[in-house]
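Just so you know, these numbers use all the heavy atoms, side chains as well, and skip hydrogens, waters and symmetry mates. Quick caveat: nothing in here was measured; it's all calculated off a predicted structure.
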Amino acid sequence: MSPHIIEPATPATRSVIWLHGLGADCYDFVPVVEALQLPANHAIRFIFPQAPTRPVTINGGFPMPCWYDILGMSPARAINQGHLDEAVALVRQLIDEQCAQGIALENIILAGFSQGGAVVLCTAVSSELPLGGVMALSTYGPGLDQLLQQHPAQQALELFCAHGRFDEVLPLAMGREAHDLMQTAGHHARWYEYPMAHEVCMDEIADIRRWLVERLGL
């Protein structure tokens, strides 16, 4: 399925590739674009890819949109690595397509919620590309420690890492661990936490807006 794309009112010079979470779809974060209340001339193309529908082991094999199958909760989220690699390859393809349309790498932001955040973190580290930044929302880093060892930071990534204090799906400690691993590896990670569960809140959206304005020079 082709991604859902929101074109700006003026010709695009920047892109945000935004991945949804487990069981959601490519329209899940579309309302956030309007809620961000960006300047009318922001020139950001928002790209929302759709995960394939496949059985999810921890959900009794029930099929739903997911970037990768989760095989078990312990050890910390045993996953289908092949599925994750496919998702990373898809994001790399989307990045290449944006570059082919004249968007500079430093004007491309990767964003993802929950499972989608795990994918963009892995993509950003393994690609070693000088991206504009990464938004890791209520997420974690499966295999991130090994990945960072394989791909030492040649150029520091800028990260917006946000999590809910009352998140029972992905406990805050998992998000904080990913943030700390990125920071220790030499990347510039900012940590934000909110009194919320596994969701997005208005205070978070306001912080995302400020970060996007800064990162993309709006």
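At distances below 3.5 Å, at least one donor-acceptor pair connects side-chain atoms of His163 with backbone N or O atoms of Leu170. A distance-only check finds a donor-acceptor pair linking the side chain of His179 to the backbone of Ala189 [under 3.5 Å].
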**Message:** With side-chain hydrogen bond (donor to acceptor under 3.5 Å, both in side chains) as the criterion, how do Asp69 and Thr57 come out once you've worked through the C-alpha distance, each side chain's angles and the decisive distance to 0.1 Å?
**Reply:** CA-CA 7 Å; Asp69 186 18; Thr57 301; 2.7 Å; yes

**Request:** Take Trp211 and Met135, measure what side chain to side chain contact (heavy atoms under 4.5 Å, CB included) needs, and give me the verdict at the end.
**Result:** CA-CA 9 Å; Trp211 185 82; Met135 290 194 295; 3.3 Å; yes

**Message:** Under the criterion side chain to side chain contact (heavy atoms under 4.5 Å, CB included), I'd like the reasoning laid out for Glu199 against Ser138: C-alpha separation, chi angles, the key distance, then a yes or no.
**Reply:** CA-CA 7 Å; Glu199 56 190 327; Ser138 300; over 6 Å; no

**Request:** Before giving the answer on side chain to side chain contact (heavy atoms under 4.5 Å, CB included), spell out for Glu128 and Gln155 the whole-Å C-alpha distance, their side-chain angles and the decisive distance to 0.1 Å.
**Result:** CA-CA 8 Å; Glu128 301 182 6; Gln155 179 170 326; over 6 Å; no

Show me the donor-acceptor pairs within less than 3.5 Å that the side chains of residues 100-120 make with the rest of the protein, sequence neighbours left out.
residue	atom	partner	partner atom	Å
Ser114	OG	His198	NE2	3.0
Gln115	OE1	Trp67	N	2.7
Gln115	NE2	Tyr68	O	2.7

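For an aromatic pair to be called close, the ring centres must be under 6.0 Å apart, and Tyr27 with Phe48 fails this.
The pair Arg45-Glu97 fails the salt-bridge criterion, with no side-chain N (NZ, NE, NH1 or NH2) lying under 4.0 Å from an Asp/Glu carboxylate O.
Interatomic distance, Leu147 CG to Thr123 OG1, rounded to the nearest 0.5 Å: 9.0 Å. For the atom pair CD1 (Ile79) and CD1 (Ile58), the distance works out to 11.5 Å, reported to the nearest 0.5 Å. Atom NE2 in His4 sits 12.0 Å away from atom CG in Asp28 (nearest 0.5 Å). Taken to the nearest 0.5 Å, the CG atom of Asp96 stands 9.5 Å off from the OG atom of Ser127. Atom-to-atom distance recorded for Cys66:SG and Leu84:CG is 11.5 Å, nearest 0.5 angstrom.
When hydrophobic clusters are built by joining Ile, Leu, Val, Met, Phe, Trp and Tyr residues whose side-chain heavy atoms come closer than 4.5 Å, directly or via intermediates, Met64 is grouped together with Leu90. Residues Val169 and Leu172 do not share a hydrophobic cluster, clusters being chains of Ile/Leu/Val/Met/Phe/Trp/Tyr side chains in contact below 4.5 Å. Note: the hydrophobic cluster containing Leu38 also contains Ile208 (ILVMFWY, side chain heavy atoms under 4.5 Å, direct or indirect links). Hydrophobic clustering, with ILVMFWY side chains joined whenever heavy atoms are under 4.5 angstrom apart, groups Tyr192 together with Met202. Hydrophobic clustering (ILVMFWY, side-chain heavy atoms < 4.5 Å, transitive): Val33 and Val213 are in one cluster.
Taking each heavy atom of Pro55 and Gly61 in turn, the nearest pair found is CB-O, 3.3 Å. Scanning both residues, Cys122 and Pro142, for their nearest heavy atoms gives SG-O, 3.9 Å. Across all non-hydrogen atoms, the minimal contact from Pro3 to Leu94 is CG-CD2, 4.2 Å. Contact detail for Pro65 and Gln50: the closest heavy-atom pair is CB-NE2, 3.6 Å. The two residues Gln98 and Ser15 make their nearest non-hydrogen contact at OE1-OG, 2.7 Å. Closest approach of Ala153 to Ala185, counting heavy atoms only: CB-O, 3.6 Å.
Side-chain contact between Asp203 and Met196 is absent, with no heavy-atom pair separated by less than 4.5 Å. Under the 4.5 Å side-chain criterion, counting only non-hydrogen atoms from C-beta, Asn59 is in contact with Leu22. The side-chain heavy atoms of Asp207 and Arg190, taken from C-beta on, include no pair separated by under 4.5 Å. Inter-residue side-chain proximity for Met182 and Val125 is flagged as met; some heavy-atom pair is nearer than 4.5 Å. Contact of the Arg209 side chain with the Leu212 side chain is not registered, since no non-hydrogen atoms from C-beta on lie closer than 4.5 Å. Residues Leu129 and Arg92 have side chains in contact (heavy-atom distance under 4.5 Å, counting atoms from C-beta outward). Residues Phe160 and Arg215 have side chains not in contact (no heavy-atom distance under 4.5 Å, counting atoms from C-beta outward). Looking only at side-chain heavy atoms (C-beta outward), Pro152 and Gln154 come within less than 4.5 Å of each other.
Pairs passing the salt bridge (charged side-chain N to carboxylate O under 4.0 Å, His left out) check and including a residue from residues 146-171, sequence neighbours excluded, read Arg165-Glu193.
Only one option out of Val16, Leu36, Thr13, Ile6 pairs with Ile44 in a side-chain contact (heavy atoms from CB on, under 4.5 Å); it is Val16.
Between the side chains of Asp85 and Gln81, a donor-acceptor pair is found at a separation under 3.5 Å.
Using a 30° and 60° split on the angle between ring planes, Trp18 and Phe29 fall in the parallel class, below 30°.
For Asp180, the salt bridge (Lys or Arg N to Asp or Glu O under 4.0 Å) partners at least two apart in sequence or on another chain are Arg176.
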